[in-house]
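Here is the structure we will look at, set down as structure tokens.
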Amino acid sequence: MTLKYLDQTGLSLMLSVGATWFKRGSGHQFAIPTRWGSSGRINLIGTYSLHRHEAVLEVRELTGTCTGDQVTAYLDTLAAECRPGQLTVVVLDNAAFHKGALIRQRREVWEQQGLYLRYLPPYAPFLNLIEEVWRRLKGILMPRRCYNSVAELRDALLTGLKILGTRFI
């Protein structure tokens, strides 16, 4: 049996603001200029697979934000790679685009190919093992800095993914 944990992540040109400080009672809020937006972001969908003694990270870059169509296309790719007689279980969280009508329609076809979907309990992202992989990628393997261009961000991302031995699908 192969167990695959599926999730999405996004990376921006600027680090997110973790915390701010201002004098108690002043109530001041301020806008933090960003270079985010769709033109300053890279989104990925991926699976972290456990098979025998081997762990494998598989990713695909998304165009725009994640949608049910993109999740379906990714699951179609995984199903096409299933080996006869080999059970493959994909663990997903409860995001709306993981449970849409298109996914419900394709589920029976995927099961015939050997790909089965299972969902985590609500509000339990800590049970999804790929979350730790994303945290390691963004927090340790990629330099913690702001990037001047998407090309610089992509270079840093590819370096981190290479260290993880990522397979692009």
Side-chain angles (χ1 to χ4, degrees), residues 1-13 15-16 41-100 102-145 147 150-169:
M1 179 175 94
T2 301
L3 187 59
K4 297 182 179 226
Y5 292 86
L6 183 141
D7 199 24
Q8 307 72 225
T9 193
L11 302 105
S12 297
L13 293 175
L15 297 173
S16 57
R41 187 170 177 81
I42 297 174
N43 295 309
L44 302 173
I45 186 170
T47 49
Y48 182 64
S49 308
L50 302 173
H51 182 67
R52 295 189 184 113
H53 301 291
E54 183 182 355
V56 177
L57 178 63
E58 300 168 307
V59 300
R60 175 181 292 170
E61 186 173 341
L62 299 176
T63 303
T65 59
C66 190
T67 65
D69 289 339
Q70 291 174 322
V71 173
T72 301
Y74 189 85
L75 290 170
D76 280 338
T77 301
L78 295 179
E81 294 177 349
C82 287
R83 297 181 208 137
Q86 173 71 37
L87 178 66
T88 301
V89 177
V90 177
V91 179
L92 305 102
D93 59 27
N94 289 282
F97 44 77
H98 290 170
K99 293 184 155 194
L102 187 55
I103 289 179
R104 288 193 305 272
Q105 291 169 2
R106 300 280 304 147
R107 193 168 181 167
E108 188 175 317
V109 173
W110 293 328
E111 288 180 359
Q112 291 172 358
Q113 293 176 282
L115 182 79
Y116 293 83
L117 305 181
R118 295 296 178 259
Y119 292 91
L120 293 171
Y123 308 107
F126 54 89
L127 295 176
N128 194 339
L129 298 185
I130 197 170
E131 294 286 359
E132 182 57 36
V133 175
W134 296 143
R135 206 171 359 270
R136 187 170 157 222
L137 173 67
K138 293 185 206 181
I140 298 170
L141 299 177
M142 290 179 62
R144 299 279 299 157
R145 58 172 273 231
Y147 298 92
V150 173
E152 274 187 22
L153 175 60
R154 183 169 277 110
D155 287 345
L157 173 61
L158 291 174
T159 298
L161 291 173
K162 184 177 179 182
I163 292 168
L164 291 171
T166 303
R167 178 175 168 249
F168 295 91
I169 61 171

Mind checking side chain to side chain contact (heavy atoms under 4.5 Å, CB included) for Ala124 and listing every partner two or more places apart, or none if nothing turns up?
Pro121, Phe126, Leu127
Heavy-atom pair with the smallest gap, counting every atom of Cys66 and Val71:
SG-CG2, 3.6 Å
Return the OG1 to CG distance between Thr77 and Leu115, rounded to the nearest 0.5 Å.
10.5 Å
Under the side chain to side chain contact (heavy atoms under 4.5 Å, CB included) test, which residues partner Val150, sequence neighbours left out?
Leu13, Ile42, Arg154
Only counting residues at least two apart or in another chain, list the ones meeting side-chain hydrogen bond (donor to acceptor under 3.5 Å, both in side chains) with Asn43.
Arg41
To the nearest 0.5 Å, tell me how far Leu75 CG sits from Ile45 CD1.
6.5 Å
Between Lys4 and Val56, is there a donor-acceptor pair closer than 3.5 Å when you use the side chain of the first and the backbone of the second?
no
Might you work through the side-chain contact (heavy atoms from CB on, under 4.5 Å) test for Ile103 and Leu117, ending with a clear yes or no?
CA-CA 10 Å; Ile103 289 179; Leu117 305 181; 3.8 Å; yes
When rounded to the nearest 0.5 angstrom, what is the spacing between CG in Leu153 and CG in Leu158?
9.5 Å
When the side chains of residues 83-93 are checked against the rest of the protein, which donor-acceptor pairs come out under 3.5 Å, sequence neighbours left out?
from, atom 1, to, atom 2, distance (Å)
Gln86, NE2, Thr2, OG1, 3.2
Asp93, OD1, Ala95, N, 3.1
Asp93, OD1, His98, ND1, 2.7

Salt bridge (Lys or Arg N to Asp or Glu O under 4.0 Å) involving Arg60 - partner list, sequence neighbours excluded
none
Provide the closest heavy-atom pair for Tyr147 versus Ala156 in the form atom of the first, atom of the second, distance.
OH-CB, 3.5 Å
Interatomic distance, CG@Leu164 vs CH2@Trp134, rounded to 0.5 Å, equals 9.0 Å
By the salt bridge (Lys or Arg N to Asp or Glu O under 4.0 Å) test, which pairs, at least two apart or in different chains, include something from residues 121-134?
Glu132-Arg135
Partners of Asp7 by side-chain hydrogen bond (donor to acceptor under 3.5 Å, both in side chains), sequence neighbours excluded?
none
Kindly state each residue pair satisfying side chain to side chain donor-acceptor pair (under 3.5 Å) with at least one member in residues 160-169, sequence neighbours excluded.
Glu58-Arg167, Glu81-Arg167
In short, Leu44 meets Leu157 closest at the heavy-atom pair CD1-CD1, 4.0 Å
Apply side-chain contact (heavy atoms from CB on, under 4.5 Å) to residues Leu137 and Met142 and explain how you reach the verdict.
CA-CA 6 Å; Leu137 173 67; Met142 290 179 62; 4.2 Å; yes
Which pairs, with at least one residue in residues 64-74 and sequence neighbours excluded, count as a side chain to side chain donor-acceptor pair (under 3.5 Å)?
Thr47-Tyr74
With sequence neighbours left out, what residues match Ala55 under side chain to side chain contact (heavy atoms under 4.5 Å, CB included)?
Tyr48, Leu50
Which pairs, with at least one residue in residues 106-121 and sequence neighbours excluded, count as a side chain to side chain donor-acceptor pair (under 3.5 Å)?
Asp76-Arg106, Asp76-Trp110
Atom pair CG (Leu57) and CZ (Phe168), whose distance is rounded to the nearest 0.5 Å:
8.5 Å
